[in-house]
K.L.:
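Please see the structure below; I have some questions.
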There are 2 protein chains.
Amino acid sequence: MKQLKIKCWIEEDGEKFYGPGPHELLKQIQKEGSLSKAAEQMQMSYKKAWAIVQRLNQLSKEALVILKKGGQHGGGAEVSLYALEIMKEYDELQLKIQQLIEQEEKLLKVLK
Amino acid sequence: MKQLKIKCWIEEDGEKFYGPGPHELLKQIQKEGSLSKAAEQMQMSYKKAWAIVQRLNQLSKEALVILKKGGQHGGGAEVSLYALEIMKEYDELQLKIQQLIEQEEKLLKVLK
DNA sequence: AAGCGTTATGTATTTGTAAACATATCGGTA
DNA sequence: TACCGATATGTTTACAAATACATAACGCTT
């Protein structure tokens, strides 16, 4: 199956900041309420997921993920209201991109 | 500097076929008339460049790069007329994408 | 036939990334 | 205070991808 794909992301000084990976991770955190479970869902090591969250929080104006350790259930993770706004913006941009590439099928003719 | 980036590429069964890398390689081949020189320009190993050309030629309906070995100047490489068409299509798509993301600056506000 | 510059191709080495493993830390509950 | 489940973090291991190196093949020119 041949297809035209597009992805978009935000960069800060050439370093990737927010893209498909972090976006999906935030969605999983929102769903699971736990960073380790979110990582597991994405078949990603906890360490990598944790590093992504650190970068997201450090580079954005407000924290995107609130991490809590200890307590009744050992701790947990949740996305901030600010993160929800960004996720919405990103979803909307992706929709626009999707609409753009659906009109663009000429390039696919190159393949057998 | 913070910026929103988008890239697009063609996939065949999940395997990347034509994207920014191959596109730039074709441009360099057109300019240099040599695969080794094109690879050198891109600071890419000859072997990798050669592999990209193989995949491009094998998966497309017509050859995109014509390779010649031996002869007066030892051989050379040139892009086919068919390749020129594809390069033009790709450039036009990239232009459309560029126009799309220029209207979309809200997401960048997330960064410090 | 010898030389040249390029393509063609195999092997070895390096590099960078991701995962795996091992612990430490925290703060509720019982 | 002992336990639990999650976050926090360092070290080691495994794997994949890119590069580096070496050499063959080719065909035109002289």
Side-chain angles (χ1 to χ4, degrees), chain A residues 7 9 11 13-17 19-60 63-80 83, chain B residues 7 9 11-60 63-80 83:
Chain A
K7 82 170 177 185
W9 66 96
E11 279 191 6
D13 294 329
E15 189 188 7
K16 283 176 185 173
F17 167 69
H23 185 66
E24 176 66 22
L25 184 60
L26 290 188
K27 284 201 288 186
Q28 290 297 332
I29 290 172
Q30 184 182 17
K31 181 180 162 192
E32 300 288 341
S34 154
L35 180 53
S36 57
K37 285 201 180 69
E40 192 179 357
Q41 285 291 322
M42 293 181 69
Q43 293 181 312
M44 173 191 293
S45 69
Y46 170 80
K47 193 160 198 171
K48 185 178 179 182
W50 180 83
I52 290 173
V53 168
Q54 292 304 305
R55 204 181 59 234
L56 287 175
N57 282 346
Q58 281 172 7
L59 293 184
S60 60
L64 301 187
V65 179
I66 292 100
L67 296 171
K68 292 171 184 171
K69 67 177 175 180
Q72 187 168 13
H73 303 96
E78 59 177 352
V79 297
S80 67
Chain B
K7 82 172 178 184
W9 67 95
E11 280 190 6
E12 168 78 15
D13 294 329
E15 189 187 8
K16 282 176 185 173
F17 167 68
Y18 193 94
H23 185 64
E24 176 66 21
L25 184 60
L26 290 188
K27 284 201 287 187
Q28 290 297 333
I29 290 171
Q30 183 182 18
K31 179 181 164 193
E32 300 288 342
S34 154
L35 181 53
S36 56
K37 286 202 180 70
E40 193 179 357
Q41 285 289 324
M42 295 182 66
Q43 292 180 310
M44 173 191 294
S45 67
Y46 171 81
K47 194 162 196 169
K48 184 178 178 184
W50 180 84
I52 290 173
V53 168
Q54 292 304 303
R55 202 180 63 233
L56 287 175
N57 281 346
Q58 282 172 6
L59 292 184
S60 59
L64 301 188
V65 179
I66 291 98
L67 295 171
K68 293 171 183 170
K69 68 177 173 179
Q72 185 169 11
H73 304 96
E78 58 177 352
V79 298
S80 67

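What you are looking at is a predicted structure, and each value in this text was computed from that prediction instead of being measured. Numbers restart at 1 for each chain; the letters A, B, ... are given by sequence-line order, proteins then strands. Just the heavy atoms: all of them, side chains too, but no hydrogens, waters or symmetry mates, feed the values below.
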K.L.:
Among residues 64-73 of chain B, which contact DNA chain D at a heavy-atom distance under 4.0 Å?
P.N.:
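Contacting residues: B/K69, B/G70, B/G71, B/Q72.
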
K.L.:
Can you give each donor-acceptor pair under 3.5 Å made by side-chain atoms of residues 49-59 of chain B, sequence neighbours left out, with the distance rounded to 0.1 Å?
P.N.:
residue, atom, partner, partner atom, Å
B/R55, NE, B/K16, O, 3.1
B/R55, NH2, B/K16, O, 3.3
B/N57, OD1, B/L64, N, 2.7
B/N57, OD1, B/V65, N, 3.1
B/N57, ND2, B/V65, O, 3.0

K.L.:
Among residues at least two apart in sequence or on other chains, which ones pass side-chain hydrogen bond (donor to acceptor under 3.5 Å, both in side chains) with A/S34?
P.N.:
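A/S34 satisfies side-chain hydrogen bond (donor to acceptor under 3.5 Å, both in side chains) with A/S36 only.
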
K.L.:
If you take all heavy atoms of A/P20 and A/K7, which pair is closest and at what distance?
P.N.:
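Scanning both residues, the minimum pair turns out to be CG-CD, 4.0 Å.
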
K.L.:
Which parts of residues 32-42 of chain B get close to DNA chain C, meaning a heavy atom less than 4.0 angstrom away?
P.N.:
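B/S34, B/L35, B/S36, B/K37 - these, ordered by number, are the residues of the stretch whose heavy atoms sit under 4.0 Å from the strand.
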
K.L.:
Of all nucleotides in DNA chain D with an atom under 4.0 Å from a non-hydrogen atom of chain B, which is the first and which the last going 5' to 3'?
P.N.:
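Listing 5' to 3', DNA chain D meets chain B from D/dA18 to D/dT29.
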
K.L.:
Got a list of side-chain donor-acceptor pairs under 3.5 Å for residues 23-31 of chain B, not counting sequence neighbours?
P.N.:
residue, atom, partner, partner atom, Å
B/H23, ND1, B/Y18, OH, 2.7
B/H23, NE2, B/D91, OD1, 3.0
B/E24, OE2, B/Q28, NE2, 3.0

K.L.:
For B/E11, what residues pass the salt bridge (Lys or Arg N to Asp or Glu O under 4.0 Å) criterion, not counting sequence neighbours?
P.N.:
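Only A/K5 meet the salt bridge (Lys or Arg N to Asp or Glu O under 4.0 Å) criterion with B/E11.
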
K.L.:
Roughly what angle, to 10°, lies between the helix axis at the start of the helix from C/dA1-D/dT30 to C/dA30-D/dT1 and the one at its end, five pairs per end?
P.N.:
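The angle separating the two end axes equals 10°.
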
K.L.:
With sequence neighbours excluded, tell me which residues meet salt bridge (Lys or Arg N to Asp or Glu O under 4.0 Å) with B/E78.
P.N.:
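Listed in chain order: B/K68.
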
K.L.:
Would you please name every residue forming a side-chain contact (heavy atoms from CB on, under 4.5 Å) with A/K47, sequence neighbours left out?
P.N.:
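side-chain contact (heavy atoms from CB on, under 4.5 Å) check on A/K47 returns A/S45.
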
K.L.:
I need the residues from residues 20-31 of chain A with at least one non-hydrogen atom less than 4.0 Å from DNA chain C; give them sorted by number, or say none.
P.N.:
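None, since no heavy atom is under 4.0 Å.
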
K.L.:
Hey, are the side chains of A/S60 and A/F17 touching, using non-hydrogen atoms and a 4.5 Å cut-off?
P.N.:
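A side-chain contact exists here, since the closest heavy-atom pair is under 4.5 Å.
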
K.L.:
Can you confirm whether more than 12 heavy atoms, excluding those of A/E40, are under 6.0 Å from its CD atom?
P.N.:
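Result for CD/A/E40: open.
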
K.L.:
How far apart are the closest heavy atoms of A/A39 and A/Y46, and which atoms are they?
P.N.:
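Minimum heavy-atom contact is CB-CA, 4.0 Å.
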
K.L.:
I'd like a table of atom pairs between the protein and nucleotides 9-13 of chain C - only N or O on both sides, under 3.5 Å - with the distance next to each one.
P.N.:
residue, atom, partner, partner atom, Å
C/dG10, N7, B/K47, NZ, 2.7
C/dG10, O6, B/K47, NZ, 3.1
C/dT11, O4, B/K47, NZ, 2.6

